[in-house]
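Quick note on labels: first sequence line is chain A, next is B, and so on, each numbered from 1.
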Amino acid sequence: MLSAQEILSPLNDSQAKAVSYKEGPLLVLAGAGTGKTKTLTSRVAYLISQNIYPSQLLVVTFTNKAAGEMKHRVAALLNQPVDGMWIGTFHSIAARILRKHATNVGLRNDFTIIDSDDQLRLLKQLLKDHNIDEKRHPAKQLAYVINGWKDKGLTPAMLQPSDAYDFADGHGTQLYHEYQQRLLSLNAADFGDLLLYNLILFKEYPALLHDYSHKFRHILVDEYQDTNVAQYLWLRLLASAHHNICCVGDDDQSIYGWRGAEVGHILKFEQDFTGASIIRLERNYRSTTHILNAAGALISHNKNRLGKTLWTEDNQGSPVQVNAFFDDIEEANAIADNIDKTHFSHSIDYSNIAILVRASYQTRTFEECFIARGLPYKVIGGLRFYERKEIKDVIAFLRIVHQPYDLLAFERIANAPKRGVGPTTIQRIIHTSRAENLNIIDTIHTMLSQGSLKGKAQPSLQTFIQQLQEWQSLSSTVTLEELCQRIMDDTGYIQALKIQNNAESQSRIENIKELFSSLNDFETLEVFLDHVSLVMDTQQSDNTDMINIMTLHAAKGLEFDTVFLPGWEQGIFPNQRALDDAGEKALEEERRLAYVGITRAKRHAEISFASRRRMFGSYQYNLPSCFVEELPEEHIAINQASPTNTTHATKHYNDNHGHSFDQGPSIEADFNQDHHYGGLNVGSRVFHLKFGYGKILRIDGDKLDIAFEKSGRKTVIASYVDAA
DNA sequence: TATTGTGTTATTTTT
DNA sequence: TAACACAATA
């Protein structure tokens with residue numbers, strides 16, 4: 001165990017001050033790259049060195065990734081594993097508390113945590129039962145409204161009469177109320193409920209609040225600028241006994257307002273927690289002066305901020321490059337060229353390069369460009385492992401084994417694989433189950449004996465409930481993997497995928513196999529199900545060297561040597577819809593997003609915009625983003641592409657940069673036509689991970705011109721395809 | 001009930 | 001463009 005002195009010595013003055021701050025509320029305003037996590041983890045270690053028991057500490061983060069990293073770093077700092085510390089996401093900690101006292105709010109302690117998919121399904125049923133036209137009032141919107149209320153800590157009873165009009169001409173409150181009832185009868189809670197029920201518990205059972213608020217002697221919160229009202233109230237309650245709450249955050253990096261985060265919380269911290277101190281971390285250890293000052297000037301256009309000025313002892317570096325292009329294709333090609341240069345001439349790893357876009361659809365242009373050129377890349381974000389259809393299906397089977405009342409899980413897999421049970425039958429079973437308060441097995445059993453199930457559905461459901469009962473008895477005797485294997489065999493789920501035999505079904509089978517192998521990490525079904533509902537991110541640890549493509553949101557907290565920020569155009573970034581919805585407030589959030597983007601770069605930032613962009617099948621013409629003008633001249637270099645009318649960007653992209661790219665692989669087509677490459681010939685059928693199956697039309701060195709069956713004609717590098 | 005065709009509509013995303 | 005939901009059809 002390190003001494004306090006050893007913990008403090010590697011820190012700068014402000015960091016050390018924050019780490020050793022004694023008692024009372026503390027806000028650490030930590031700018032980008034100022035050692036936020038280091039400070040927070042050091043403080044945890046410091047408190048432990050001051051004889052605070054780990055079990056008296058509550059450390060809250062937003063993501064599992066952050067919680068994991070924190071745990072890891074504290075353990076490394078103390079040189080011993082930390083047991084007993086409550087460290088986790090808001091949701092996982094709230095779930096832990098709620099499981100202990102579930103019966104106080106009408107749930108059993110084995111309640112299911114449902115995701116947004118199930119939530120939507122439930123709301124659709126509700127709307128149908130109320131004869132509300134889903135076209136005029138989509139379930140998605142209702143989900144948004146209800147989640148919004150929950151984020152604000154509002155139960156149906158707390159709503160104002162006018163709130164009802166937030167959905168379907170005044171039906172909002174009633175629907176919210178019934179949705180909550182249905183969740184209770186399903187013994188389920190959605191993500192918002194986890195926090196909301198905690199608030200209810202603390203309010204209605206003061207003894208519980210007393211216990212928890214005295215148990216935790218220190219509360220530490222990461223990314224405080226992202227807290228929504230419910231989380232904020234939760235923190236205030238838990239901190240009410242000792243006021244030892246240390247929040248770390250950066251108002252300039254608040255980018256989740258659209259999902260309930262309130263920058264206001266960090267702005268009024270001093271009013272909320274009397275006697276609070278604020279410590280600013282302004283020394284940046286990441287970026288060069290040019291990058292820092294460019295970002296700083298940009299963000300200074302925001303009015304709603306506490307204000308801080310980042311500085312660095314690093315050198316000037318090179319100015320932020322601002323590149324103008326004719327269209328999106330030219331932009332992508334120029335970035336690809338630039339990456340070649342960065343990688344080959346300046347020896348920067350691909351993994352140290354990122355392309356950050358405003359919206360995920362923008363990644364496509366880059367993917368296509370990089371595939372054609374054979375540049376290795378990965379798209380961060382996108383759909384996660386547990387969100388895949390086949391994985392959710394397998395999990396639904398497990399859920400129903402675990403909880404035979406789980407109608408949502410039943411709805412999901414009643415006809416997967418197809419067994420002749422159509423939507424009408426499913427709805428009837430669900431309605432009966434709800435009306436009679438019977439579990440799935442009993443419901444189907446009853447309906448079968450009444451002869452109210454017809455056609456193909458009758459025998460398949462008979463088999464289904466038999467199987468379900470077998471699985472239930474198996475679940476207590478065999479391992480999770482064996483149970484899963486058995487379910488797949490009995491239902492023929494994998495068999496059905498095998499019959500489809502296309503690239504998609506192939507990868508689905510792979511995914512299921514991957515799930516199988518991860519099952520062994522879990523002791524019981526219950527532990528596994530809790531894991532999948534709360535720990536959604538399965539970061540595949542990929543140690544291959546690849547360019548990172550992701551949204552600006554996904555980039556928060558990361559850093560790269562070189563960062564490309566394409567699509568800085570009015571309407572795209574700042575995003576038009578955001579502006580329409582929330583005006584000036586949204587513009588400030590978009591600006592913070594721009595700030596986050598620039599400050600990800602250590603040495604090199606390249607902003608770009610194009611005058612023409614292909615969007616949704618047609619061309620859109622955009623003006624440069626207003627943020628471009630807000631960048632200070634002395635820290636940027638503007639590179640205007642030579643005026644041209646051709647779309648053949650490759651002809652003149654060199655003009656933009658004033659150098660050529662001989663070192664990189666030539667993109668000029670060489671006309672020495674080949675007829676084979678390795679084992680591949682013109683006319684061969686091949687398989688590509690992304691594009692599926694196709695036929696080779698032309699071979700040119702290692703570049704193959706392929707007509708894909710699904711994705712059309714594309715040029716790809718030979719090493720990316722296999723003979724089919 | 002399963003398949004095919006048509007129409008609509010396009011942020012950001014963690015838990 | 002492309003994905004997805006829903007209606008019309010086999």
Side-chain angles (χ1 to χ4, degrees), chain A residues 60-67 88-95 113-120 124 133-135 138-140 144 147 150-151 189-195 223 226-228 230-231 254-261 356-365 368 380-384 386-387 389 414-415 417-426 454-457 460 530-537 550-557 567 571-582 586 589-590 592-594 596-597 613-620 710-712:
Chain A
V60 210
T61 65
F62 275 84
T63 65
N64 290 294
K65 196 178 154 199
T89 62
F90 275 101
H91 290 88
S92 67
I93 289 169
I113 300 166
I114 65 162
D115 64 6
S116 36
D117 236 46
D118 289 324
Q119 179 186 42
L120 216 55
K124 278 185 178 169
D133 182 13
E134 247 225 75
K135 285 231 175 71
K140 255 196 168 150
Y144 183 81
N147 291 338
K150 290 188 175 177
D151 286 346
D190 66 19
F191 290 128
D193 283 336
L194 298 175
L195 261 297
E223 307 275 18
D226 288 334
T227 47
N228 62 35
Q231 289 159 340
S254 169
I255 55 176
Y256 286 105
W258 49 275
R259 112 188 155 192
L356 310 181
V357 296
R358 172 67 243 263
S360 48
Y361 69 82
Q362 291 172 275
T363 60
R364 237 190 73 191
T365 322
E368 284 176 356
I380 313 280
L383 88 154
R384 281 149 303 184
Y386 290 126
E387 274 171 2
K389 204 179 271 164
N415 201 29
K418 303 225 182 318
R419 51 169 81 85
V421 182
T424 340
T425 314
I426 297 178
K454 293 175 213 92
K456 244 178 128 183
S460 0
D530 236 25
H531 175 85
V532 294
S533 50
L534 285 173
V535 187
M536 291 301 272
D537 56 31
M550 67 187 95
T551 63
L552 286 157
H553 284 91
K556 194 167 81 161
I572 292 181
F573 187 38
N575 179 283
Q576 191 55 50
R577 183 176 296 220
L579 264 43
D580 292 346
D581 286 356
E589 182 151 317
E590 295 284 305
R592 290 193 290 267
L593 208 43
V596 167
R613 187 171 293 275
R614 221 186 141 88
M615 270 181 87
F616 309 132
S618 58
Y619 287 109
Q620 212 186 66
K710 282 202 170 160
S711 335

Quick one: the side chain of A:R358 and the base of B:dT11, do they pair up donor-acceptor inside 3.5 Å? no

Shortest non-hydrogen contact from A:G88 to A:A67? CA-CB, 3.9 Å

Side-chain N or O of A:N147 versus OP1/OP2 of B:dT15: is the shortest distance under 4.0 Å? no

Can you tell me if the side-chain N/O atoms of A:T551 get under 4.0 Å from OP1 or OP2 in B:dT13? yes

Test your reading of the model: is there a side-chain donor-acceptor pair from A:R592 to the backbone of A:S254, 3.5 Å cut-off? yes

Presence of salt bridge, A:K150 and A:D193, under 4.0 angstrom: yes

Of the candidate nucleotides C:dT1, B:dA10, B:dT15, which contains the atom at the shortest distance from the side chain of A:R577? B:dA10

Syn or anti: how is B:dT11 classified when any glycosidic angle within 90° of 0 counts as syn? syn

Checking B:dT11, B:dT15, B:dT3 against the side chain of A:K418 (C-beta onward), the nearest is B:dT3

Return whichever of A:L593 or A:K456 has its heavy-atom-nearest nucleotide of DNA chain B closer to the 5' end. A:K456

Can you check the A:N228 CG to B:dT12 P distance for me, whole Å? 20 Å

In whole Å, what is the span from the CD1 atom of A:I93 to the P atom of B:dT14? 19 Å

Taking A:Q119 for its side chain and A:D190 for its backbone only, find out whether a donor-acceptor pair lies under 3.5 Å. no

B:dT14 phosphate, OP1 or OP2: any side-chain N/O from A:N64 under 4.0 angstrom? no

Within the structure, does a side-chain N or O atom of A:T424 lie under 4.0 Å from either OP1 or OP2 of B:dT1? yes

Within the 4.0 Å heavy-atom criterion, would you say A:S618 contacts the bases, only the backbone, or no part of the nucleic acid? nothing

For A:W258 and B:dT12, say yes or no: do the ring centres fall under 5.5 Å of each other while the ring planes differ by less than 30°? yes

Separation of B:dT11 atom C1' from A:N575 atom CG, nearest Å, is 5 Å

Protein-nucleotide distance (A:D580, atom CG; B:dT11, atom P), rounded to Å: 14 Å

Has A:R419 got a side-chain N or O lying under 4.0 Å from the OP1 or OP2 atom of B:dT1? no

Within this structure, what is the CG-to-P distance between A:L534 and B:dT14, rounded to whole angstrom? 14 Å

Any stacking of A:F616 on B:dA10, going by centres under 5.5 angstrom and planes within less than 30 degrees? yes

Taking atom C1' of B:dT15 as reference, at what distance in whole Å does atom CZ of A:F90 sit? 12 Å

Verify, without hydrogens or angle tests, whether A:D117 (side chain) and A:L120 (backbone) share a donor-acceptor contact under 3.5 angstrom. no

Just to confirm, is there a sub-4.0 Å distance from OP1 or OP2 of B:dT1 to any side-chain nitrogen or oxygen of A:T425? yes

What does A:D226 touch in the nucleic acid at a heavy-atom separation under 4.0 angstrom: a base, only the sugar-phosphate, or nothing? nothing

Expressed as a whole number of angstroms, how long is the span from A:D190:CG to B:dT14:P? 17 Å

Does A:H91 reach the main-chain N or O of A:L534 with its side chain, forming a donor-acceptor pair under 3.5 Å? no

Distance check needed: B:dT1 P versus A:I426 CD1, whole Å only. 9 Å

Does A:R259 place a side-chain N or O at less than 4.0 Å from the phosphate oxygens OP1/OP2 of B:dT15? no

What closest approach, in Å, do A:G597 and A:L552 show between heavy atoms, and which atom pair accounts for it? CA-CD2, 3.6 Å

State the pairing partner of B:dT11; accept Watson-Crick or G-U wobble contacts with both distances under 3.5 Å, and report none otherwise. none

Report the residue (A:A457 or A:A359) whose heavy-atom-nearest nucleotide on DNA chain B is the more 5′ of the two. A:A457

State the pairing partner of B:dG5; accept Watson-Crick or G-U wobble contacts with both distances under 3.5 Å, and report none otherwise. C:dC6

